[in-house]
Each structure stands twice: as C-alpha cells, then as structure tokens.
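Shown next, in structure tokens, is the structure this report addresses.
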Amino acid sequence: MTREMTRERLYLFDTTLRDGAQTNGVDFTLADKLVIARLLDELGIDYVEAGYPGANPIDTALFAERRPLHAKMTAFGMTRRPGRSASNDPGLVTLLDAQADAICFVAKSWDYHVRVALETTEEENLASIRDSVRAAKAKGREVLLDCEHFFDGYKAKPAYALACAKAAYDEGARWVVLCDTNGGTLPHEVERIVGEICARIPGAHVGIHAHNDTEQAVANSFAAVRAGARQIQGTLNGLGERCGNANLVSIIPTLKLKKEYADRFETGVSDDALTKITRVSRKLEEVLNRAPNRYAPYVGDSAFATKAGIHASAIMKELNSGLTEAESYEHVRPVTIGNRRKVLVSDQAGKANILAELDRIRLAVDKDDPRLTRLLDVVKEREAIGYAYETADASFELLARRTLGSVPKFFDVSYFDVKVEQRGQNGGAEVLTTAVVKVKIGNEMLINAAEGNGPVNALDVALRKDLGKYQKYIENLKLTDYRVRILDGGTGAVTRVLIESADETGDHWTTIGVSPNIIDASFQALMDSIIYKLVKSGAEA
Ligand SMILES: [Zn+2]
C-alpha cells in the first residue's frame, strides 16, 4: 500500500499508428488500425495516437466517428500555418473537428528550421504555437505539443527551443514533448537537456519522443525519465521511420520489472496486462505479415532460450530443488511477460535438455525410461542429416509425442501431384501451378485439387481445402513465414524448409522438413504444422 502511495504516475503514449505508419513497407488499413488500437487499449496504454486526420482518407475516416477506448484517442497534426489565423487554416480546422480526446500538435523548435523550412520569423512560430494550443483547448481537447528536432534546436539556440516549449505550456498544453526527431542524440545529452527543461517546466508536463538511429531510443527514453520527464512516447516493436521509434515492448517490462523503476513509478499497465505483451508484440507482426523477431528482448522466442547442455542441466537442477524459477540464468521471469523458457534441443544437448523440453510440453516421462534414450538417438540422427529441432519446436514436439506413442493417426496422404506448366511463348509466358492431393480419413477418400502461386502454395491450398471432419480445426491456421535453406552445396545438396504457422489464439509454431527435393521438404513441414494444430486443438482420430 505504501508503495502505491509513494509511486509517481508515468504516462505511456503510443504512436504505432502514426509515426509507426511511416515505416518502409507498412500500410495500415482502417481495420488494421482498429485492431491495433484495441490491443494497445488492452495493454493499458494512456494515449493512442491513431493518425493524422486530413492527411489521408484512412485517417480521416478513422477520426470521423468516436472510437470508444479507455486510452485517450489522439489526433496528430500541424500548428496553424504562418501568416494565417487559426480559423483560416483548413488543416487546423479539420484537426479540431476530428473525433479525438486529445490533439498532438507538431511544431518547429529549432530556429534554423523556422527560418529555412517554415520561412517565417521566430516570433510568428511562437504565436502559431500559442494560437493552436488555445484553439484546441477551446474545443475541449487535451493538448500536447511535439517539439520537433528539440535536442538539435536546443544545442543550436537553447533560449529559443525552450521558448517554444514554454509557449505551449504557458498556454495550457497538458504536455510538451521533446522530440529527438533525427535520432542522433546520445543518452547523457538527453539526460542533461531534459534536466535543464524540467527546471523550467514541471516534469509532470514533459514527455520524450526518441528515435532509434543510434540504437539508443529505449536508453534515451529512460535517460529522460531519470531527468524528470513523465511521459514516454514510443511504438510497438519499435516500429517507425528509418531505424524506428523507442520500443514500448521493451520499455514497459523494464518499467514494471526492474526495481529502480517499479519502486518509483506506476503506469496504466497492470501485472495481468503485462503477461499479454508477448502476444501483443506477435499480433502486430501478424497484422504486418512479418515474422516476429526471435531475438527481441523480453518477448522474442530466444529471449529465454538456453542451448548449452550445462546451462540446461543447471536450470533443471534449480527447478527440481524447489526454486520455482531458474533465477541464476534469467534476469526476469519469462511468465511475467507471457513468454516462456526454452531449452533448446540440439546435437550438443544431453538428456537434461530433452527432459526440460518434455516438461515444458507436459509430457511426463521417467528419466530412466528407455524411450527417452531412443528419442535422443532419433534427434541426433535426424539433426545429422539436416533437421534443426531447436528452431522447429512443433516438429520436435510431434517427434517426441510419436516416440512416446501419443499422436493419433488422423489421416493419410496417399498421393500428391504437383504440376508446373508454362503457357504462351517468350516474354508473354504464363506459369501455372496446380496440385492434386488424395487424403484418406478413416474409410473416406477425399480428392482435393487447387491452383496456387507456386508449387508449395498449390500443395498447401489443396491439402487444406477439405480435411473432412478436421477442417473446423484448421480453418484459422495461417502460414506466416516460409524459409528455405540449401545445406551442403553441390550435387549432394539437401533442402531444409522451415514453416512458421499461427492460429486464432495468437499461438505460433515452427515446423521443419528436410529432403533433397524442395517439394518433399515443404510437404513434411506442412504436414507437421497441420498435425501439430490438430494435436494442440485436442482433435480426436
Ligand atoms: Zn517521430
């Protein structure tokens, strides 16, 4: 209780849908934006900056109606143009009419940019800030001012950069946000400059917006908090222009789990919401149709992975000796962020790794069971010919369950045929791919044919077109990544295919196939993915 009372409130502002939408190759639809806004809301983010009304049809439509969220729905836009009145600037009028709880204005705070980019006077820029803040407040909106290029501006002319921030604060803006727009400022500079600003504007009204161009956006955000700032702006998975914005998916667990911050600050993210952050991070990648970064801190697949046999056996010893967590090898408990410990099964691993992995998938087996030795032998044999079970967790689980005798025989593929043909001639030629698959389920024979975008896709579509009584389990199964590697070049080359799949619950898993033939390797990985999904869903043979 005393902790609650003495902790200061720190506010989280997400701009995945605005600054994050500037990322190369990212194009959110309106539906995507609404899905992501809801994820952010579930997480307990205070502000969701959802777009720039008037800048494009999607953002205009987004702000045309109220979107009920706990978070403050924030619209982004520019302060009034130099030489115009607030009511005479159509961009500002559109922004003021947007259905938003808060408005985040962006304004220049570097005298050089005021002269060269804005082609106006320093005084007119200050007047534009004051007028815009006043107009938004008159509309009943909470107001934030993003001071663009603040740190470079402050280094060039401190009094003017400060005057821009002060103008907004004195006019009643809830927040002035110091932006490291080109991402080049270093943590010790951020800490010094934010400290100087917080001596003149209360830190409870100061925010930080850091970009990741020296890979220190997260460190810069914490430097600003140490110096007094009480709002952090960032994006999910560090999405953003160039090298991205400060990654809230890394910042939030640090705020919640590291004593220095957890003891001093409170955020809108509950302990329960924190356990969803791994899923939220992966869900964003799914919306973007990208493979999740397995090396991401806290939430990556490898964040709590151990390969060396000696570590794995030490972790098992800690767990068996009554310690509930493998404290000496993990800086935080994976379960607190919804991630999991992963003990990698590999050719250098011993029985301890296998046992740990079986424990995770809740396959009870005695450590002296001879089937365990057989499983270890099979893993070693298969890894020698190119399988990599440390990556393909779902294929490992199937192999283990089969060796221990618990995978039902759901169906048989008795035949498949893939045909690739070229029609037409020369430059105008069209390549068509078709696949036919015969599937036997009990006494029933199903024949599926499909066209596809290449042989693997055709095979996948045909295989999953009709699986009879199992169809309902695989309806929401999606392939999210497909990777091919050729092992040992030359005539003896072998192809390794890794397929990543996901389903409606947000789970994702990886399966593997190895063969001299790429279609065969892909087929193995596809089959494993489907069978894994059936096992996971509790389908009965
Ligand atoms: Zn930015």
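In this structure, a donor-acceptor pair under 3.5 Å is present between the side chains of S501 and S529. One side chain, Y154 or E196, offers a donor N or O that lies under 3.5 Å from an acceptor on the other. Between T29 and D32, the side chains place a donor N or O and an acceptor N or O closer than 3.5 Å (distance only, hydrogens not considered).
The neighbour count for K367 NZ, taken as heavy atoms of other residues, nucleotides or ligands under 6.0 Å away, does not exceed 12. Open room surrounds CD on E215; 12 or fewer heavy atoms of other groups in view lie less than 6.0 Å from it.
Expressed to the nearest 0.5 Å, how far CG of L257 lies from CG of D271 amounts to 8.5 Å. Note that CG of L467 is 10.0 Å distant from CG of L477, once rounded to the nearest 0.5 Å.
Applying the side-chain hydrogen bond (donor to acceptor under 3.5 Å, both in side chains) test to K72 and every residue at least two apart in sequence or in another chain returns E142. Contacts of R485 classified as side-chain hydrogen bond (donor to acceptor under 3.5 Å, both in side chains), with partners at least two apart in sequence or in another chain: none. With sequence neighbours left out, the ring-ring contact (aromatic ring centres under 6.0 Å, His included) criterion links Y387 to Y389. Under the ring-ring contact (aromatic ring centres under 6.0 Å, His included) criterion, F63 pairs with no residue, sequence neighbours left out. T511 meets the side-chain hydrogen bond (donor to acceptor under 3.5 Å, both in side chains) test with no other residue; sequence neighbours excluded. Applying the side-chain contact (heavy atoms from CB on, under 4.5 Å) rule to V461 yields the partners A450, N457; only residues at least two apart in sequence or on another chain are considered. Among residues two or more places apart in sequence or in another chain, the ring-ring contact (aromatic ring centres under 6.0 Å, His included) test is passed with H149 by W110, H113. Applying the salt bridge (Lys or Arg N to Asp or Glu O under 4.0 Å) test to R38 and every residue at least two apart in sequence or in another chain returns nothing. Residues meeting the side-chain hydrogen bond (donor to acceptor under 3.5 Å, both in side chains) test with Y532, sequence neighbours left out: none.
We find that R9 and D46 are joined by a salt bridge, their nearest charged nitrogen and carboxylate oxygen being less than 4.0 Å apart. Looking at K533 and E504, a side-chain N of the basic residue comes within less than 4.0 Å of a carboxylate O on the acidic one, giving a salt bridge. By the 4.0 Å N-to-carboxylate-O rule, R279 lies too far from D507 to be salt-bridged with it. Between R18 and D59 there is no salt bridge, since no side-chain nitrogen of the basic residue lies less than 4.0 Å from a carboxylate oxygen of the acidic one. Between E285 and R282 there is no salt bridge, since no side-chain nitrogen of the basic residue lies less than 4.0 Å from a carboxylate oxygen of the acidic one.
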Residues 221-233 side chain polar contacts: donor-acceptor under 3.5 Å, at least two apart:
residue : atom : partner : partner atom : Å
S221    : OG   : A217    : O            : 2.8
R226    : NH1  : Y261    : OH           : 3.1
R226    : NH2  : E191    : OE1          : 3.4
R230    : NE   : E8      : OE2          : 2.8
R230    : NH1  : V225    : O            : 2.9
R230    : NH1  : G228    : O            : 3.4
R230    : NH2  : E8      : OE1          : 3.4
Q231    : OE1  : Q233    : NE2          : 3.0
Q233    : OE1  : H209    : ND1          : 2.7

Distance-only check: which donor-acceptor pairs under 3.5 Å involve side-chain atoms of residues 238-245, not counting sequence neighbours?
residue : atom : partner : partner atom : Å
R242    : NE   : D213    : OD2          : 2.8
R242    : NH2  : T181    : O            : 3.0
R242    : NH2  : D213    : OD1          : 3.0
N245    : ND2  : D19     : OD2          : 2.9

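Annotation: cation-pi geometry not satisfied between R7 and F265 (NZ/CZ under 6.0 angstrom from ring centroid, within 45° of ring axis).
Sorted by first then second residue, the ring-ring contact (aromatic ring centres under 6.0 Å, His included) pairs that include residues 9-30, not counting sequence neighbours, are Y11-W175, F13-Y47.
Of the candidates R360, K536, R340, R294, D393 forms a salt bridge (charged side-chain N to carboxylate O under 4.0 Å, His left out) with just one, namely R340. Here the options are N247, T278, T254, the test is side chain to side chain donor-acceptor pair (under 3.5 Å), and the partner is Y298; only T254 passes.
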